[in-house]
Amino acid sequence: MSTHSLTKAALRAEGLPRRRAVNRLMELLAWLAAGIAVAILGVVVWSVARRGAGALNLDLITKVPVPFNFGNTPSGLANAFAGSLVIVGLATLMALPIGILVAVYINEFARPAIRTAVGLALDVLNGVPAIVIGIFVFGLFVVGHGQSGYAGAFALACLMLPLVARSTIEVLALVPNALREASLALGVPRWRTTLSIVLPQTLGGIVTGTVLAVARVAGETAPILFTSSVGVGTLVHWDPHHALQTVPVAIFELSESADPADHAQAWAAALVLLLFILVVNLVARTLAARSRSRIGAAR
Amino acid sequence: MLRIFALAAVAAVLTAACGVAAAAPAAAAGTTLTGAGSTFVAPLVAQWAPAVGQAFGYELQYSPIGSGGGVTAVTNRTVDFGATDAPLSSDQFAACKGCVQIPWALSATSVIYNLQGVKNLLHMNGATLAKIFSGAITKWNDAAIKKLNPGVALPGTSIATVHRSDNSGTTFNFTDFLASASPKWHSKVGTGVAVNWPNGTGARGSSGVAATVAQTPGAIGYVDVAYALRSHITYFAMQNRSGKYATPGLKGILAAASSDQKPDATNALSIVNPPKKFPLAYPISTYTYVVVPTQSAKAPELRKFLFWAVTKGQQAGPKLLFQPIPKPVLVVAEKAIAKLHT
Amino acid sequence: MAEPDASLDATRRPFTGRRVRFGDLALQTVAGAAALAASVLVCLIAYTIVRDSRAAWSDSGLGFVTRVSWDPVKHVYGAGSFLFGTALTSLLALALATPLAIGIALFLTELAPRWVRAPVTALVETLAAIPSVVIGLWGILVLGPVLRDRVEPALHSGLGFIPLFGRPASTGSSIFTAVVVLTIMILPIVASISRELFLGVPRDLKEGALALGTTRWEMVRGVVFPYARGGIAAAMILGLGRAIGEAIAVTQVIGSTVGIHWNLFSTGDTLAGKIAASYQGAEDKAQVASLVYLALILLVFSLVMSVAAQWIVRRVARRQGLAVGPGGVA
């Protein structure tokens, strides 16, 4: 409907009843769409909550898995929770400093041409599917050396890097230039300005970005399948030289079992994972909104 | 505010970590032996792990990723031993550079089905099964199935075939049987750890197949008999070459094993669809092998473990329908194990 | 993204001659090394994937891409079946998700009472945060049986004359289940981007149209949609990229078979799903190389789409002066 015909029809109030009916229909459809979205989310979360809550008990994080549980010994996923902690922690340690440094370089030092190039590299890295990252790390590190927590952590770090870098770039750009210029005018060297004046302003944003990235990779299965899932054993290991079991991979393997007890365990683990991710997302977004309004007010 | 959140988060994580570390049995400082491969032998290895831990202090870590994966893993030396139900080809031996395969367990592949309301142990044979899996027979009340089960009221439900989507020695065993029973299957599809299935749904691992069959009315699949036992799924009584119907029990497996007691040069044995003079044989029985490098740093531990596995370890087998390996094969296995060195 | 001032460029010039502080040089070098590492990483990924698939593409070249068979016994591999599966599932999921997403975005920006907006927005973004393995678990154990027992027979008896709705599957795994799962996964992406776009439409344009007497729907159709058109296209591309790259949830519910079937209720497989199902257990070099070749095709697709979408999104956001939140718009 061209602007001209739209205006014409509106001004002359032509066919108003039909137009009102169409409008009503569209409004109903929009309400319906929203209702469907809420319903979908509700159904998924409700399924996980209901089935998971039933199987949720302290055993889940204190007992180890017992494959082919003929005697119904109490079992849990302690090794998976320990492994996830180690691998996600290591991944954060790998990705965080590099991400911040890349953001600092792009925002504070790089010429426009280099800025575009590195920005493009980050966008490309962000677009690589997680499973391809898994194959990449497998071909790079695992062949000949075996799977390990380090390989898994590296794969997750590749996924986290663009997220951390981008969010740091966003907050760095929000810091007013007047701040930098004032500091330089006072004789503070460039490096000191960046590290002691500019970066502390962005701490909130960096934490938010990192925390969101952690929530994202905590649930990643595909890259871990190829880097830290074979030979993980059932006992709890903390040594990353070893392949470590992780919660998403455990859920994946349990989901394909024929035993309803395994399914119950999968639901419980899914519930814990989901709660973790939801809480983390909620807190991060609250902090983000708060820090954004603070920086905005400071301008 | 940020500081409080950060402190709370760190505290929560530390508490959780301490809880896990304190309560869960942690890895001992002893040796770990990692293995991967066949889902077929996984139930037995799961029984062995705590016993090996107690007897020698080794931690046995086994990942059932399918026979193909096991061979690849041990070829790449990412694990200490691999497990496969499909004997290695000469190409695979060459790629593995100095590996030896040793038969270490003996069991059978059951053909499971889900048909409510039909109580009898249904009969089946290889030729009909091949037709079902190639899509020529699509309904349970087909004439061929009726002929094998006279007097049983079969419903008109559609048959849904389920096969392994990953590389599997169980697939090798099953397709080996179909190929020997049906020349058409042999030429069209063939035998392998993964084949070009004409129809059906794929599922990962024997548990995946068991799960899919258990949840799908009218489904037929194939799994190591231990999985069928554990999931309480019915399986067919399969017709052998002498015309009798046998179930995948210890007797049937033992009878099949007596058809080939001489491992070949690579220690492989073939006991699928044994000849007529073994009337009690279950025709889809198979040995399963452990693949180890002849020379490795963990040779002493491997020798101890494998020696235990083929002798004392076999006692854990019968309740999972693993028949202890017969004496002539045991002798060959022990000889091969003794050759492992650093 | 708020662009840094041009005035900063003066301070950003690299050190030319004058007294170079060691600290400045050190920071620039270290930060530069990190940036270089990130760029090298991308090249390394491409190189590794190309190298590991060499045996397959040097052997079959581009014929691999269209060949439909995947026969490990006869060593004949091809991506055709999986390209079909990927195209069918992703495009269908996009077709289902887009109208829903736009509807939600419209609801949140135009129709919803104030007190409803924040919770529903949070709800939609929460949906995006659910890990794919959890959605896959739900798909296997809850969605699959429901589709198999109620929905698929109903669709088949009602619309069975269309080849898409052929004989219902007997298991809960099918292309249809995968399409539903993918729709759930890309819905929040398209919805949240569309919402930001609609929020950015200048108020005076919208109020002007309403003042002239248009109904709300006509205002949306005549002002909001044309304004947001580019951004919605980018959002759709991003969603499509997500669907194409999804491996875990798909492999849990799609049934893993080879072959081209138009019947939505049959099983199938996608590029990503096939890799997830078969890579761990791949036994010979030819099979491994073929699987990595699948990954190469996947990589090329998702890269093109991701880069294009991000570029459009940034261009549109810049034009509208939107603040793109932490982590980007996606």
Side-chain angles (χ1 to χ4, degrees), chain A residues 1 6-7 10-11 13 19 22-23 26-27 29-30 33-34 36-38 40-41 44 47 98 101-102 104-105 109 118 121 123-125 127 129 131-132 135-136 139-140 163 166-167 170 173-174 177 189-191 205 208-209 212 219 221-222 248 251-252 255 263 266 270 274 277-278 281 288, chain C residues 2 4-5 7-8 21 23-24 27-28 30-32 34-35 38-39 42 45 48 52 100 103-104 106-107 111 120 123-124 126-127 129 131 133-134 137-138 140-142 184 212-218 221-222 245 247-248 252 272 275-276 292 295 298-299 302-303 306-307 310 326-328:
Chain A
M1 202 178 196
L6 181 71
T7 322
L11 281 175
R19 288 161 54 206
V22 170
N23 184 56
M26 289 303 160
E27 284 188 1
L29 285 178
I36 291 179
V38 173
I40 292 175
L41 179 70
V44 176
S47 289
I98 310 263
L101 283 172
V102 173
V104 162
Y105 187 74
F109 293 106
V118 182
D123 280 345
V124 164
L125 190 57
I131 192 159
V132 176
I135 294 199
F136 158 64
L140 197 66
L163 299 176
R166 260 211 255 141
S167 67
E170 304 294 345
L174 284 175
N177 289 328
R190 266 295 270 297
W191 66 272
T208 310
L212 284 174
T221 319
I251 297 177
F252 182 60
S255 72
H263 294 168
L274 202 57
I277 292 177
L278 291 185
N281 263 290
Chain C
D5 274 320
S7 69
L8 195 57
R21 284 219 165 79
D24 291 345
L27 181 61
Q28 187 183 17
V30 170
S39 318
V42 172
I45 294 178
T48 311
D52 286 348
L100 274 178
I104 293 165
L106 279 178
F107 171 77
L111 297 175
V120 176
L123 229 56
V124 171
T126 302
L127 197 55
V133 70
V134 173
L137 175 71
W138 176 78
I140 296 179
L141 297 178
V142 178
I184 294 177
L212 288 173
T214 60
T215 63
R216 197 185 238 125
W217 164 243
E218 286 164 350
R221 225 174 94 184
I248 294 297
Q252 285 175 296
I275 299 173
V292 183
L298 194 57
L299 183 63
S302 16
L303 288 190
S306 171
V307 172
Q310 294 283 1

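By convention in this document, chain letters (A, B, ...) are assigned in the order of the sequence lines, proteins followed by strands, and residues within each chain are numbered from 1.
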Next item on the list: Taking all heavy atoms of A:Val104 and all of C:Ala31, pick out the closest pair and write down the distance.
Entry: CG1-CB, 4.5 Å
Next item on the list: Specify which of C:Val120, C:Leu137, C:Leu100, C:Val142 makes the most heavy-atom pairs with chain A at under 4.5 Å.
Entry: C:Leu137
Next item on the list: Against chain C, label A:Leu41 side chain, backbone, both or neither, depending on which of its atoms sit under 4.5 Å from a heavy atom there.
Entry: both
Checklist line | Shortest non-hydrogen contact between A:Gly127 and C:Ser302, atoms and distance | finding: O-CB, 3.7 Å
Checklist line | Interatomic distance, C:Leu106 atom CG to A:Leu29 atom CG [nearest 0.5 angstrom] | finding: 10.5 Å
Checklist line | Most chain A-contacting option - heavy-atom pairs closer than 4.5 Å, from C:Ser39, C:Ala276, C:Gly23 | finding: C:Gly23
Next item on the list: For A:Arg19 and C:Thr215, work out which heavy atoms get closest and say how close.
Entry: O-CG2, 3.9 Å
Margin query: Given heavy-atom pairs under 4.5 angstrom as the criterion, report whether the side chain, backbone, both or neither of C:Ile45 touches chain A.
Written below: both
Next item on the list: Identify the heavy atoms of C:Val134 and A:Ala270 that sit nearest to each other, and give their distance.
Entry: CG2-CB, 3.9 Å
Note to self: Below 4.5 Å, heavy-atom pairs only: which of A:Asn23, A:Ile277, A:Val22 has the largest tally toward chain C?
What the structure shows: A:Asn23
Item checked: For A:Ile135, the option from C:Thr48, C:Leu299, C:Ile275 that meets side chain to side chain contact (heavy atoms under 4.5 Å, CB included) -> C:Ile275
Next item on the list: Counting only heavy atoms closer than 4.5 Å, note whether A:Asn281 contacts chain C via side chain, backbone, both or neither.
Entry: side chain
Margin query: Working to the nearest 0.5 angstrom, can you tell me the gap between A:Ile40 CD1 and C:Ile184 CD1?
Written below: 5.0 Å
Note to self: Between A:Val124, A:Ile251, A:Val118, who has the most heavy-atom pairs with chain C when the cutoff is under 4.5 Å?
What the structure shows: A:Val124
Margin query: Quick check on the interface: out of C:Val30, C:Leu111, C:Val124, C:Thr126, who has the most heavy-atom pairs with chain A under 4.5 Å?
Written below: C:Leu111
Notebook entry, point to check: Taking all atoms of both residues into account, what is the closest heavy-atom pair of C:Asp24 and A:Trp191, and its distance?
Noted result: OD1-N, 2.6 Å
Next item on the list: State, yes or no, whether a side-chain contact exists between C:Gln252 and A:Phe252 at a heavy-atom distance under 4.5 Å.
Entry: yes
Check: Is chain C contacted by the side chain of A:Ile98, its backbone, both, or neither, given a heavy-atom distance below 4.5 Å?
Finding: both
Next item on the list: Search all heavy atoms of A:Tyr105 against all heavy atoms of C:Ala35 and return the closest pair with its distance.
Entry: CD2-CB, 3.6 Å
Item checked: Top contributor to chain C contacts, counting heavy-atom pairs under 4.5 Å, from A:Pro248, A:Ser255, A:Gly219 -> A:Ser255
Check: Where does A:Ile131 contact chain C at under 4.5 Å (heavy atoms): side chain, backbone, both or neither?
Finding: side chain
